[in-house]
Amino acid sequence: AKALGSNSQVCFNPAMTAEIQQRYQLELALAAALAAGQFELHYQPQLTDSGKVVGVEALLRWQHPELGYVSPARFIALAEETGQIDSIGHWVLQQACAQLQRWQSEPKLRELIMSVNISARQFYQPEFIAQVQQCLSQYQFKPEQLMLELTESLILADLDDAVSRMQQIKQLGVRFSMDDFGTGYSSLSYLSRLPFDEVKIDQYFVRSASSGKPRDWVIVEAIIGIANTFGMKLIAEGVETQAQYELLRQSGCYCYQGYLFAKPAAAAETARWIDEHSP
Ligand code: C2E
Ligand code: CA
Ligand code: CA
Ligand code: CA
């Protein structure tokens, strides 16, 4: 009994209890967030070499009255575990599509591509394909303007099932972007087996451009080569410095997203930014 007593002390030390409590609090807050209207989408421009804005990535923002701003890096994983991502992800998809429709009346915005992050659980949900279809019929824009960002960990879960789902969605005209490629455990050859239309070079690799890690830079060049070989669009994300931009450009990249150009911002602000930066 003594051993058990000391064991349980190890398991339930105050620090850990606080952590569990915090997590539980976050979970409760998350459950109420959607109905309370605490979510908002921000949009970050994606530009070509010539400075033309070709698209935006929708990024979820959560402002809680007491907790303040909570980063998606903190709550998306939790929402995946609890299943809350089902309703949050559906809301994100609808909001992004509604925004894309609103921008159809603006000459400088109507051709934009809207990239939306899709979590693994959301993608494998039985209703997901129908939800995409429903958005396409409810909102007015070309299906090719919708780009769904998937991560490689999602694909690795079940390669054949992922490919078959992707193909069903691609038949609707919607496209796919490989997010965070190279950061997980898949090999570069995976790209050839998957029907992606675009590859995003992760900010980890973009940083290696200027951090003097030549081994990482070799991987960037390999990704660029493979994407070009398979006819996939390329985009580098997290571009923060002119040096990174120039190195990427020299290596054959031609599309960029990052603080060097613009930060994610609310729809009106991003629209204004794009308007001011359009020729
Ligand atoms: P991600 O998809 O890799 O998104 C890129 C992240 O990099 C965003 O962080 C963006 O704000 C940030 N970023 C953009 N440019 C720069 C830069 O130049 N420097 C640096 N340091 N960061 C930059 P954010 O918005 O905090 O989102 C974090 C992650 O949360 C996202 O990573 C994505 O995995 C997830 N996430 C965000 N919104 C959604 C969503 O609606 N659904 C799902 N499933 N996940 C989301
Ligand atoms: Ca993304
Ligand atoms: Ca990414
Ligand atoms: Ca990331």
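Ligands are counted one by one from 1 in listed order, and the atoms in each one are counted from 1 as well.
Taking only non-hydrogen atoms, the option from Q244, E80, K200, E240 nearest to atom 21 (N) of ligand 1 is E240. Of the options P72, G238, S71, the smallest heavy-atom separation from atom 37 (C) of ligand 1 is shown by P72. Of the listed options L59, I118, L41, L59 places a heavy atom closest to atom 4 (O) of ligand 1.
Residue K263 does not touch ligand 1, judged by heavy-atom distances below 4.0 Å. Under 4.0 Å from ligand 1, heavy atoms of L60 appear from its side chain as well as its backbone. Contact annotation: for R207 versus ligand 1, heavy atoms closer than 4.0 Å belong to the side chain alone. Only side-chain heavy atoms of R61 come within less than 4.0 Å of ligand 1; its backbone N, CA, C and O stay farther off. Neither the backbone nor the side chain of I88 comes within contact range of ligand 1; no heavy atom lies under 4.0 Å. At a 4.0 Å heavy-atom cut-off, ligand 1 touches P264 through the side chain alone. Looking at Q44 against ligand 1, only its side chain comes within 4.0 Å, counting heavy atoms. Counting heavy atoms closer than 4.0 Å to ligand 1, residue V92 contributes side-chain atoms (C-beta onward) but none from N, CA, C or O.
Judged purely by distance below 3.5 Å, without hydrogens or angles, the side chains of Q138 and Q134 pair a donor atom with an acceptor atom. E57 and N117 form a side-chain donor-acceptor contact under 3.5 Å, judged by distance and modelled atom types alone. In the model, Q63 has no side-chain atom that pairs as donor or acceptor with a side-chain atom of E40 under 3.5 Å.
Near E237, meaning under 4.0 Å from any of its heavy atoms, are these atoms of ligand 1: 3 (O), 5 (C). The distance from ligand 1 to the heavy atoms of E57 drops below 4.0 Å at these ligand atoms: 2 (O), 4 (O). Under a 4.0 Å criterion applied to the non-hydrogen atoms of G258, ligand 1 contributes the atoms 15 (N), 18 (O). In summary, the atoms of ligand 1 found under 4.0 Å from a heavy atom of D180, numbered by their order in the structure, are 3 (O). Short contacts between ligand 1 and Q203, defined as distances under 4.0 Å to a heavy atom of the residue, involve ligand atoms 6 (C), 7 (O), 12 (C), 13 (N), 20 (C), 21 (N), 22 (N), 23 (C).
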- Start with the C-alpha gap between L148 and L93, add the side-chain angles, then the distance that decides, and say whether side chain to side chain contact (heavy atoms under 4.5 Å, CB included) holds. CA-CA 9 Å; L148 304 180; L93 184 64; 4.2 Å; yes
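Taking hydrophobic clusters as Ile, Leu, Val, Met, Phe, Trp and Tyr residues chained together by side-chain heavy-atom distances below 4.5 Å, Y259 does not share a cluster with L247.
Considering only heavy atoms from C-beta on, K108 stays 4.5 Å or farther from E106 through its side chain.
For Y69, the OH atom sits in a packed shell: over 12 heavy atoms of surrounding residues, nucleotides or ligands are nearer than 6.0 Å. No more than 12 heavy-atom neighbours from other residues, nucleotides or ligands sit within 6.0 angstrom of CD on E19.
Side-chain N or O atoms of Y256 include one that pairs as donor or acceptor with a backbone N or O of C253 at under 3.5 Å.
Using cut-offs of 30° and 60° for the angle between ring planes, the F39 and W91 rings count as tilted. Note on ring orientation: taking the six-membered ring where Trp is involved, the planes of F261 and Y245 are perpendicular (angle over 60°, cut-offs 30° and 60°).
Taking any N or O of N117, backbone or side chain, at least one lies under 3.5 Å from an N or O belonging to ligand 1. Below 3.5 Å of separation, one finds an N or O of D179 facing an N or O of ligand 1. Checking only distances, Y69 never comes within under 3.5 Å of ligand 1, N or O to N or O.
Between R23 and E81, at least one side-chain nitrogen of the basic residue sits less than 4.0 Å from a carboxylate oxygen of the acidic one, meeting the salt-bridge criterion. Ion pairing of K200 with E237 is present here, as a side-chain N (NZ or NE/NH1/NH2) and a carboxylate O approach within less than 4.0 Å.
Listed by chain and number, E57 OE2, N117 OD1, E149 OE1, D179 OD2 are the protein N/O/S atoms closer than 3.0 Å to the Ca ion (ligand 2), with waters left out.
The two residues S177 and M147 make their nearest non-hydrogen contact at CB-CG, 3.8 Å.
Taking 4.0 Å as the cut-off, Q257 does not count as a neighbour of ligand 1 on heavy-atom distance.
Checked options Q242, Q250, R249, Q244; the residue passing with E246 is Q242 (criterion: side-chain hydrogen bond (donor to acceptor under 3.5 Å, both in side chains)).
Taking the six-membered ring wherever Trp is involved, the centroid distance between the rings of F75 and W62 falls below 6.0 Å.
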